[in-house]
There are 2 protein chains.
Amino acid sequence: MSSSSSGDRHDTTPPAAGVLAHRVPDLGALELLLAVARLGSLGRAARELGISQPAASSRVRSMERHLGLALVDRSPRGSRLTDTGQLVADWARKVVEAAAAFEAGTRALKDRRDSRLRVAASMTIAEYLLPGWLIALSERRPGTAVSLHAGNSAEVARRVRSGEADLGFVEGLSVPEGLDSAVVAHDLLLVVVAPGHPWARRRRPVTGEELASTPLILREEGSGTRQVLEEALGGVARPLIELSSTTAVKTAAVGGAGPAVVSELAVAEEVAARRLVPVGLDAGVRLRRDLRAVWPGGHRPVGPARELLSLTRV
Amino acid sequence: MSSSSSGDRHDTTPPAAGVLAHRVPDLGALELLLAVARLGSLGRAARELGISQPAASSRVRSMERHLGLALVDRSPRGSRLTDTGQLVADWARKVVEAAAAFEAGTRALKDRRDSRLRVAASMTIAEYLLPGWLIALSERRPGTAVSLHAGNSAEVARRVRSGEADLGFVEGLSVPEGLDSAVVAHDLLLVVVAPGHPWARRRRPVTGEELASTPLILREEGSGTRQVLEEALGGVARPLIELSSTTAVKTAAVGGAGPAVVSELAVAEEVAARRLVPVGLDAGVRLRRDLRAVWPGGHRPVGPARELLSLTRV
DNA sequence: TGAGGGCATAAGCTGAGGTTATGAGCAGCT
DNA sequence: AGCTGCTCATAACCTCAGCTTATGCCCTCA
């Protein structure tokens, strides 16, 4: 019926502004494309994904029709990606990798009890680093069930002390009392501006005083990044806007609202694509802090905890 | 039938090793979650995505059931994400952003003719940078149809000269004859190793001679990165393995096969997550090259080309 | 020339996700 | 108090994308 009459309701509201779902093949199709690229045959790819060959064939075909692009060169001896297909597959790989991180993260959040490895981590680490570590861990030790609790540093420390967590990750300035620790990474805060901002072209480094006197886009008081910033400035920062999520801060900065202070982990992509430009800072401004793994004092972690620790760049 | 008897065929081959599609909500659900986070209400999110409120409600619910996580706090006055939901939404955002890049890229590949802006770009740029630029462009000038042709530098130059492309992006060492150009970014090649590799802990910078005498994981002869490397080494490089895609090179390096040479654009994520470690190089080794926009000599680009150029960090 | 791997087509089934219609909780105004 | 307006949930129904099996054709290689 929707096809008959006059295509009312749904069609009058055209597929909505930013609805990617209808323009991007679903994850299964993207995985299939990658499998074809890797294995050189639709049939083998189908087998790997546990579907029948005709299903794979039709799915690839419909993806090609959908995108309006020839992705696969079929021959009686197998299938290879076209040049276009290679490029599309590279873009697809990014989506699939993000999906893998999503899966690793959400699965760890769910597996609360009965896991062999219980991890507690602060937000920044949980958000940006842990999924990758978990993927690496599951490749090295398949089947290790990991649970994740995300919270602030005090909460992480408490869980590790009480034995509710086997391993913790914190981004505080100091090591929590009574816990052993190892630095696993550094969190370098960047001052970033949109490419159009005056600071983007500036040669002379920005000094601490300037930073302290310039209204900045910041996370709310009490957040980890805010603490590090104020510590480095030796006083309070002047907020232009206070936002409650790193994402909101990035969005405001990209929009040109002003200079923002964020972890390099959070803006790696934006910086690489030049949507944001890091501002040179005076050597006196120390916006670096350690990201540390922590565990109960005395004995080094063993078993899966040790394994995970070794992945995080000892 | 498949449910009766003994759960044969499909169930014996358990959902296949790395099939994410069944474990990760589809793009529509992720977009919906982000919309709920942004708008604070299931109903409003539904409207934005052009679906009914019950559809949104049930979809979020089934996503929560699927993940085994409570994502949304529903109240008679609206819905907000739970803490867990925030974290999950952050992971979801990465997937959606990758999907947006996919969409922007594939759409440009398709819109061959009749576009207002025809771009030709070398692979590295097309793969890593252009999708982001296209997204930014479409935000600033909605509705600008862009077409993309990806090829090597000579091909890009030819298209720009012949008028088949309005704007080109090349990564060659020199500016093609008869074209004006502007540097839009730099492509810094990195030597990367897996965290376990001896070079990962090494303090002393690696010299050009060392690099030249060490077997490296490389792209095939003739590739852009290979050219730059050999230019910098003043001779030929010694390949440990030659691979035909940047992705394959990365995979081999992550697996610990040896040192690899790749663009920083290609490994930003791996480096951030410490799956790969960049090796310090002697100051004498120049592995940087310019990424340039090029256009027909004489007149600066106007219209959409000018707009795109201005996005690429003037 | 027959065997085997690779892809395409055909016909039929299932379920996820969509719709409309309706109910019920809570806030705030009149 | 009660009305209005917003929220979300439930119910019954529909559609189509994507899966399956069965089959055929094409090409290569022994």
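Just so you know, these numbers come straight off a predicted model, no measurement behind them. Below, each value reflects all heavy atoms present in this structure, side chains not excepted, and no hydrogens, waters or symmetry copies. Here is how names work: the chains are called A, B, and so on, in the same order as the sequence lines, proteins then strands, and each is numbered from 1.
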Mind calculating the distance between [atom1] ([X]) and [atom2] ([N]) to the nearest angstrom?
{"X": "B/H66", "N": "C/dG17", "atom1": "NE2", "atom2": "C1'", "value": "14 Å"}
{"X": "A/L39", "N": "C/dG6", "atom1": "CG", "atom2": "C1'", "value": "14 Å"}
{"X": "A/H22", "N": "D/dG18", "atom1": "NE2", "atom2": "P", "value": "12 Å"}
{"X": "A/L32", "N": "D/dA17", "atom1": "CG", "atom2": "P", "value": "18 Å"}
{"X": "B/L42", "N": "D/dT10", "atom1": "CG", "atom2": "P", "value": "12 Å"}
{"X": "B/E64", "N": "D/dC8", "atom1": "CD", "atom2": "P", "value": "12 Å"}
{"X": "B/R65", "N": "D/dA9", "atom1": "CZ", "atom2": "P", "value": "13 Å"}
{"X": "A/R59", "N": "D/dT20", "atom1": "CZ", "atom2": "P", "value": "10 Å"}

Using every non-hydrogen atom in the two residues, find where B/A55 and B/I51 come nearest and quote the distance to one decimal.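 The pair with the smallest heavy-atom distance is CB-CD1, 4.2 Å.
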When all nucleic acid strands are considered with a 4.0 Å heavy-atom cut-off, which category describes A/D26: base, sugar-phosphate, or nothing?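 The answer is sugar-phosphate, as A/D26 gets under 4.0 Å only of primed atoms, P, OP1 or OP2.
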Looking across every strand, which nucleic acid part, if any, lies under 4.0 Å from B/S58 by heavy atom: base, sugar-phosphate, or nothing?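 No contact at all - B/S58 keeps every heavy atom at 4.0 Å or more from the nucleic acid.
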Hey, is the side chain of [X] poking within less than 4.0 Å of OP1 or OP2 on [N], counting only N and O atoms?
{"X": "A/S57", "N": "C/dC7", "answer": "no"}
{"X": "A/R77", "N": "D/dC26", "answer": "no"}
{"X": "A/R44", "N": "C/dG6", "answer": "yes"}
{"X": "A/S79", "N": "C/dC7", "answer": "yes"}
{"X": "A/R61", "N": "C/dA8", "answer": "yes"}
{"X": "B/S41", "N": "D/dT7", "answer": "yes"}

Interatomic spacing from CD in B/Q86 to CG in B/L33 - rounded to 0.5 Å: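 If we round to the nearest 0.5 Å, B/Q86:CD and B/L33:CG are 9.5 Å apart.
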Distance (rounded to the nearest 0.5 Å) between A/E103 CD and A/R107 CZ: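 That separation rounds to 4.0 Å.
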A/E31 side chain vs B/A21 backbone, donor-acceptor pair below 3.5 Å: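 Answer holds: yes.
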Considering only side-chain heavy atoms of [X], which listed nucleotide, [options], is closest?
{"X": "A/P54", "options": "C/dG18, D/dC26, C/dA10", "answer": "C/dA10"}
{"X": "A/R47", "options": "C/dG6, C/dG17, D/dC27", "answer": "C/dG6"}
{"X": "A/I51", "options": "C/dG17, D/dT20, D/dC27", "answer": "D/dT20"}

Given DNA chain D, 5'-ward residue of the pair A/Q53 and A/S62, judged by closest heavy atom: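 Closer to the 5' end of DNA chain D: A/S62.
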Report the residue (A/S52 or B/R74) whose heavy-atom-nearest nucleotide on DNA chain D is the more 5′ of the two.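 Residue closer to the 5' terminus by nearest nucleotide: B/R74.
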Sidechain N-carboxylate O distance under 4.0 Å for B/R159, B/E155: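 Yes.
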Could you tell me whether A/E64 and A/R61 make a salt bridge, using a distance below 4.0 angstrom between a side-chain N and a carboxylate O?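 Salt bridge flag = no for A/R61 with A/E64.
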